[in-house]
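The structure under discussion appears below in the form of C-alpha cells.
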Amino acid sequence: MKTILKKTVHPSSILSALTGSVCRRVALVVFLAAILLNAAVTVFFYHTERNGFVHERSAEALSLFAAAVDPTAYPGIEALTEMGENLVRNTKVDGGVVISGAGEDRAVFGTVPGLTWAEARLSGEVVRFSPATGMFDIFISPEQSRLPYGVILRLNVAEDWQKLSASLFKQAMLLLAVAVVLSVLTVLIVANQVVRPLATIREVVDLTLNAPEDSGAVRTGISRSDEIGTLARAVDQLLFLTSTTFTDELAAAVTILEKSPHGILTFSEQGHLISANQAALSLFGERNFTGLLNRDPTSLFRFGDEAVDCVAFASRGATLGPGEILQEAGNFPCLIAGDTINRADGTVLRRFLIFVDMRDVVDQVRAEVHRREAAEGRVRELASDLRLMRRNFDACLVITEMDSTGPVRPNPVTLQPRALIETWSERLAADGEPAPARLEIGDLPPVKGVPADLRRLFDTALEVVRLRSGAPDIRVAISGAGDGADVEIVFREITETGTDVEIASDVDMAILLGALGVLCRRQGGALMAMTGEDGTNQLAIRLKVDLTVAIDIPVEFEAA
C-alpha cells in the first residue's frame with residue numbers, strides 16, 4: 001500500500017518558509033518594483049499638482065486684480081496704491097509693486113514681492129512660486145491690465161500648498177503601504193505554493209536515499225497540474241522504478257540514463273564496466289558497447305593533464321573536473337564527474353562516470369576571444385588614426401602659422417639631438433604606439449634653434465619614417481654628416497643586415513613633409529630629401545650646428 005508523506009505544520013516551519021531565500025528574493029523584487037512605481041507615480045502627481053496649483057493661483061491673482069480695477073477709468077498711482085492696500089486687507093494678497101511702462105517702481109503696498117520687472121520682462125519669469133515659504137509672485141503686464149502700468153502681486157498661498165502637500169503625502173504613504181502588503185502577500189504565496197511543496201519533494205528524496213529499502217512505500221502526495229506537480233510526478237515515478245529494481249542492478253534506472261544527452265559509464269561494485277549509454281559511445285567513437293570494452297582502459301580519456309585508467313578513476317568516488325576525450329580523429333575537451341551509489345549498509349552498489357561534451361562551450365569562448373582581439377585591434381587602429389589626425393592637424397598649424405615668417409629664429413638655444421630622439425620614443429610609448437625595435441643614433445653634434453620647433457622637427461621626421469614602414473618591428477638609424485656650421489641628418493629604416501628598406505605604407509605624408517620643410521626653414525636649414533635612393537624609406541634635413549658648444553666634433557663635421 002502506498003504511503004503518502006504528510007507533514008504537520010508547525011509555527012517554526014512556517015517561519016522557515018517565510019524567510020526562505022526564494023521568498024526573500026521574490027518579495028524584495030516585488031517591493032522594489034512597487035517602490036519604484038510609487039516613486040514614479042508620486043513624482044508625476046507632484047509635478048502635475050504643482051503645475052495645476054500654480055495655474056490656479058495665477059488665475060486667482062488675475063481675477064482679484066480684475067475685480068479691484070476698472071480699466072476704463074484709467075486709475076492713477078494713488079488709486080492703484082489704495083486698491084492694493086484694500087487687497088492686502090481683504091484677500092490673500094500680501095503686497096505688490098506698481099511699475100511704469102519703462103520698468104520703474106512707482107508705488108509699493110504691503111510686502112514687496114521677490115520677483116522684479118527685469119526678471120519678468122527680460123528673463124520671461126512672470127510667475128514665481130516658493131513651496132518652502134508659500135509665497136506666490138505674479139507679474140501682470142500692461143497688456144493684461146489694460147493700464148499704462150504693470151503690477152507685481154504677492155499672494156500668501158502657504159495654507160493652500162500645505163493642504164495639497166498633505167494630500168500628496170497621504171497618497172505616497174498609501175502607495176507605500178500597498179507595496180508592503182504586496183510584498184507580504186508575495187512571501188505567503190511563494191511559501192505556500194513553491195517553498196513548502198519543494199521541501200516535501202526534497203524530504204521524500206532524502207528519505208529514499210537514506211533508506212532505499214523503504215522507498216517503495218513513500219510518495220510525495222502532490223497532485224497539481226503546474227510545473228511543481230509535474231516534478232512531483234516525475235519524482236514519484238523515479239522512486240517507483242528505484243524501489244522495484246533496487247536489488248537487480250537498477251535495470252530501469254539504466255534505461256532512463258540511456259536517454260541522457262551526456263555520456264555515462266556504469267561500473268559494478270567489483271570495478272567492472274557494465275554499461276555505457278549511446279551518448280558515451282558517440283563520445284568515444286564506438287558503434288557498440290563491445291568495441292568500448294575492447295579498448296585499453298587508459299585510452300578513453302584524460303583527467304586534467306593525467307592519463308588515467310577508467311576503472312581506477314571510477315573508484316575514486318565523488319570527482320569533478322575538466323578532462324579530454326581521446327580519439328584518433330582528434331582529442332576534445334569535456335567535463336568529467338564521478339559518483340557512487342551505496343547500499344543501506346554503506347557498501348558500494350554502483351559507480352558512475354559522467355562526461356559532458358565541452359566543444360561548443362570552448363568554441364564559443366574562442367569565438368568570443370577572437371571577437372575581443374579583433375575589437376582591440378580595431379581600437380588600436382582607430383587610436384593610431386586619431387594620433388595621425390592630431391599630428392596632421394599640428395602640421396597644418398605649422399604650415400599656416402609659420403610658413404609666412406621666413407627663416408627667422410627668435411631666441412635660438414642649443415639642444416642635443418639624442419635627447420630630442422629619446423623624448424619622441426617616450427611619447428610614442430605613452431600613446432600606446434609600438435616603439436621601434438632598435439634606434440641606432442650616430443654621433444650627432446648639438447643643433448641650434450627654437451626648442452619647441454626643434455622638438456616638432458625631430459618628432460615629425462621620426463614619425464614620417466615610422467608611418468611609412470610596413471615592418472611590425474621597425475629599426476631606425478639616425479646619422480649625421482656635414483662640414484662647418486651645417487650638419488645633414490639622415491633618418492632611415494634599415495634591415496638587420498644594415499641595408500635600407502623601401503617605403504611599404506601607403507599613408508599620405510604630404511602634410512607632414514610640408515610641415516617638416518617649414519620647420520627646417522625656421523631653423524635656418526632645409527629639407528634635403530624626402531626619400532632615399534630607389535625609393536627607400538628615409539629622409540634628410542640640414543640644420544645649423546652650434547660650434548661654441550660642440551667642442552668635441554667628429555672629424556667629418558669640422559670645416560674643410
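Since the structure is predicted, the reported quantities are computational estimates derived from the model, not experimental observations.
- Between the CG atom of L37 and the OG1 atom of T42 there is a distance of 9.0 Å, given to the nearest 0.5 Å.
- Checked against side-chain hydrogen bond (donor to acceptor under 3.5 Å, both in side chains), N277 has no partners two or more places apart in sequence or in another chain.
- Here the straight-line distance linking atom CD1 of I511 with atom CG of L516 works out to 13.5 Å at 0.5 Å rounding.
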Kindly list each side-chain donor-acceptor pair under 3.5 angstrom involving residues 281-290, sequence neighbours excluded, with atom names and distances?
from, atom 1, to, atom 2, distance (Å)
S282, OG, Q278, O, 3.1
E286, OE2, R295, NH1, 2.9
N288, OD1, T290, N, 3.3
N288, OD1, G291, N, 2.8

Report, one line per pair, each donor and acceptor closer than 3.5 Å where one atom sits in a side chain of residues 353-362; sequence neighbours left out.
from, atom 1, to, atom 2, distance (Å)
D357, OD1, R359, N, 3.0
D357, OD1, R359, NE, 3.1
D357, OD2, R359, NE, 3.0
D357, OD2, R359, NH2, 2.6

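- F267 is listed as a side-chain neighbour of C310, based on a closest heavy-atom distance under 4.5 Å.
- Every residue two or more places apart in sequence or in another chain that forms a side-chain hydrogen bond (donor to acceptor under 3.5 Å, both in side chains) with S469 is listed here: E493.
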side-chain contact (heavy atoms from CB on, under 4.5 Å) between I341 and D339: does it pass, once the steps are laid out?
CA-CA 7 Å; I341 296 180; D339 208 345; over 6 Å; no
Mind running side-chain contact (heavy atoms from CB on, under 4.5 Å) on I489 and L543 for me, showing each step along the way?
CA-CA 8 Å; I489 301 177; L543 294 176; 4.2 Å; yes
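- Ring orientation note: the planes of F458 and F491 are nearly perpendicular, at an angle over 60° on the 30°/60° scale.
- Using a 4.5 Å cut-off on side-chain heavy atoms (C-beta onward), H272 and L293 make no contact.
- With hydrogens and angles ignored, the 3.5 Å screen pairs a side-chain donor or acceptor of N331 with a backbone N or O of Q327.
- In terms of heavy-atom proximity, G321 sits nearest to L335 at O-CD1, 3.4 Å.
- Checked against side-chain hydrogen bond (donor to acceptor under 3.5 Å, both in side chains), S425 has no partners two or more places apart in sequence or in another chain.
- The number of heavy atoms from other shown groups lying within 6.0 Å of CD (E306) is above 12.
- The CD1 atom of I494 lies 8.0 Å from the CZ atom of R475; values are rounded to the nearest 0.5 Å.
- A donor and an acceptor atom, one from each side chain of N537 and E502, are nowhere located under 3.5 Å apart.
- Salt-bridge check for E373 with R371: failed, with every basic side-chain N at 4.0 Å or more from each acidic carboxylate O.
- Rounded to the nearest 0.5 angstrom, I478 CD1 and L420 CG are separated by 11.0 Å.
- Rounded to the nearest 0.5 Å, atoms CG (L539) and CE (M509) are 11.0 Å apart.
- I264 is listed as a side-chain neighbour of F352, based on a closest heavy-atom distance under 4.5 Å.
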In sequence, state the C-alpha distance, the side-chain angles, and the governing distance for V30 and L185, and then conclude on side-chain contact (heavy atoms from CB on, under 4.5 Å).
CA-CA 10 Å; V30 173; L185 290 177; over 6 Å; no
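- The two atoms that bring P446 and Q416 nearest to each other are CG-NE2, 3.4 Å, heavy atoms only.
- Checking side-chain atoms of T531 against main-chain N and O of G535 turns up no donor-acceptor pair under 3.5 Å.
- Counting heavy atoms from C-beta outward, D459 and R427 have side chains that approach closer than 4.5 Å.
- Residues L462 and I421 meet the side-chain proximity criterion, which asks for heavy atoms closer than 4.5 Å.
- Taking the six-membered ring for Trp and the full ring otherwise, the centers of F313 and F303 sit less than 6.0 Å from each other.
- For S505 (side chain) and L467 (main-chain N/O), a donor-acceptor pair under 3.5 Å exists by modelled atom type.
- R455 and D453 are not joined by a salt bridge, as no carboxylate oxygen comes within less than 4.0 angstrom of a charged side-chain nitrogen.
- A side-chain N or O of D296 and one of T298 form a donor-acceptor pair less than 3.5 Å apart.
- Across I336 and C334, no two heavy atoms sit closer than the pair CG1-SG, 3.6 Å.
- E324 pairs by the side-chain hydrogen bond (donor to acceptor under 3.5 Å, both in side chains) definition with R302, not counting sequence neighbours.
- Inter-residue side-chain proximity for Q538 and V490 is flagged as met; some heavy-atom pair is nearer than 4.5 Å.
- What you find for N38 and L176 is that their closest heavy atoms are ND2-N, 3.4 Å.
- The neighbour count for M173 CE, taken as heavy atoms of other residues, nucleotides or ligands under 6.0 Å away, is above 12.
- No donor-acceptor pair under 3.5 Å is formed between the side chain of T499 and the backbone N or O of T495.
- In this structure, CD1 in I35 is found 10.5 Å from CG in L28, a value given to the nearest 0.5 Å.
- Pairing each heavy atom of T266 with each of L273, the nearest pair is O-CD1, 3.5 Å.
- Smallest separation of non-hydrogen atoms from P436 and W424: CG-CH2, 3.6 Å.
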Salt bridge (Lys or Arg N to Asp or Glu O under 4.0 Å) assessment of R438 paired with E440:
CA-CA 6 Å; R438 189 174 66 193; E440 297 181 1; 2.9 Å; yes
